[in-house]
Undergrad: 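Take this structure, written in structure tokens, and hold onto it; I'll ask about it next.
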Protein chains: 2
Amino acid sequence: MNVLKNLKRIVDGFSKRKIQIALAESCTGGYISHMITNIPGASAVFERGIVSYSNKAKSDLLKIESDMFEKNGAVSEQVAKKMAENVRLLSNVDIGVGITGIAGPSGGNEEKPVGLVYMGFSTVEYTLIKRCIFKASRTVFKKKVLKEVLLLLKDYLENFK
Amino acid sequence: MNVLKNLKRIVDGFSKRKIQIALAESCTGGYISHMITNIPGASAVFERGIVSYSNKAKSDLLKIESDMFEKNGAVSEQVAKKMAENVRLLSNVDIGVGITGIAGPSGGNEEKPVGLVYMGFSTVEYTLIKRCIFKASRTVFKKKVLKEVLLLLKDYLENFK
């Protein structure tokens, strides 16, 4: 996958169709927002990004109830889903993306290993969750997640009526 | 300046002194958050980042009154100051950094050219504003701003009692 080519295609395609996106990133720490905003014209498409690194930030900025962290853990399908849905609703945009995972090198356990990541992708019609494990350094981990997010965005664009 | 060495020094130094930071980025689009969170252990130091690309995001997430955009412009000393102060206060951390500028290639004018950037740096004791102009591509522009932010953080750390 040519990342730069895909980023440009997504920014141009979304811009022409007046589709706006908002991101809520945890383990990728702003990398996805950074890569999208490298593309000139991104401001027509990218409305905001939230780097909700702490659970307090997830509660304050994304209205995720603290019960959910206790019940499911911050790295869970449920939290990724809420992050994607709430960033979309709170920003009043077409697509919300939520990313939560364990970039490592520490922080994993048997059930939730280092490299685990959940990505939520929310539109007005549906929310889907993608689960991956990338055993890699923090920087490579971020790049792998970017590619997965770009696939989700590309797929949406190709099927857009 | 060795960026990676400085990033590590800042994360380690802040972590030892239990100093937490929060960022509000506009023109750098999440790049500063991304670079800090590349360092293992960053989660002890980096509380949250807000990529307030639209003015609506600046109002919603950083409580900047829309009057200020009309009166001073989104790229202004006043907005950088408010971004830094408010992200610090709203996150309940020690240091808030606010960045607003014109990454280009379009969007500038005679008074506020492409490459102009204001950086706010806020602590409980003071807020300072740094103004720079970097005539460069979007990606080089972001790198130049990162270096300026690292100098501010390094300076704070070296003078920390």
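Every chain is numbered from 1, with letters handed out A, B, ... down the list of sequences. Model, not experiment: these values are computed from the prediction.
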Undergrad: Are any of the side-chain heavy atoms of B/Asn38 and A/Lys142 separated by less than 4.5 Å?
TA: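 Touching, per the 4.5 Å side-chain cut-off.
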Undergrad: Please state whether the side chain, the backbone, both or neither of B/Leu90 comes within less than 4.5 Å of a heavy atom of chain A.
TA: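 Backbone of B/Leu90 only, per the 4.5 Å heavy-atom cut-off to chain A.
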Undergrad: Specify which of A/Ser33, A/Gly30, A/Gly104, A/Pro40 makes the most heavy-atom pairs with chain B at under 4.5 Å.
TA: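 Greatest number of close heavy-atom pairs with chain B: A/Pro40.
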Undergrad: Which residues in residues 19-28 of chain A have any heavy atom closer than 4.5 Å to a heavy atom of chain B?
TA: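 Listed by number: A/Thr28.
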Undergrad: Quick one: what part of A/Ile36 sits under 4.5 Å from any heavy atom of chain B, side chain, backbone, both or neither?
TA: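 Neither part; nothing is under 4.5 Å.
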Undergrad: Between B/Ile32 and chain A, which part of the residue has a heavy atom less than 4.5 Å away: side chain, backbone, both or neither?
TA: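 B/Ile32 has no heavy atom closer than 4.5 Å to chain A.
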Undergrad: Same cluster or not: B/Leu152 versus B/Val11, using hydrophobic residues (I, L, V, M, F, W, Y) connected whenever any side-chain heavy atoms lie under 4.5 Å apart?
TA: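 Cluster IDs for B/Leu152 and B/Val11 match.
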Undergrad: In terms of heavy-atom contacts, does NZ of A/Lys130 have more than 12 from other residues, nucleotides or ligands at under 6.0 Å?
TA: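 Above 12, so yes.
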Undergrad: Under a single-linkage definition using a 4.5 Å side-chain heavy-atom cutoff for Ile, Leu, Val, Met, Phe, Trp and Tyr, are B/Met83 and B/Phe141 assigned to the same hydrophobic cluster?
TA: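 They do not share one cluster, since no chain of ILVMFWY contacts under 4.5 Å joins B/Met83 to B/Phe141.
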Undergrad: Would A/Leu89 and A/Val87 show up in the same hydrophobic cluster when neighbours are defined by side-chain heavy atoms closer than 4.5 Å?
TA: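 Each belongs to a different hydrophobic cluster.
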Undergrad: Check whether more than 12 heavy atoms from other residues, nucleotides or ligands sit under 6.0 Å from atom NZ of A/Lys112, and answer yes or no.
TA: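 Yes, enclosed.
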Undergrad: What part of B/Ser43 lies closer than 4.5 angstrom to a heavy atom of chain A: side chain, backbone, both or neither?
TA: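 When you check distances to chain A, atoms from both the backbone and side chain of B/Ser43 fall under 4.5 Å.
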Undergrad: Could you see if B/Ile99 belongs to whatever hydrophobic cluster contains B/Leu116? Use Ile, Leu, Val, Met, Phe, Trp, Tyr and a side-chain cutoff under 4.5 Å.
TA: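 No, no single cluster joins them.
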Undergrad: What residues of residues 50-77 of chain B sit under 4.5 Å from chain A when only non-hydrogen atoms are counted?
TA: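 From residues 50-77 of chain B, the residues near chain A are B/Ile50, B/Val51, B/Tyr53, B/Ser54, B/Lys56, B/Ala57, B/Asp60, B/Leu61.
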Undergrad: Assigning hydrophobic clusters by single linkage (Ile, Leu, Val, Met, Phe, Trp, Tyr; side-chain heavy-atom cutoff under 4.5 Å), is A/Phe160 placed with A/Val124?
TA: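 A/Phe160 and A/Val124: separate clusters.
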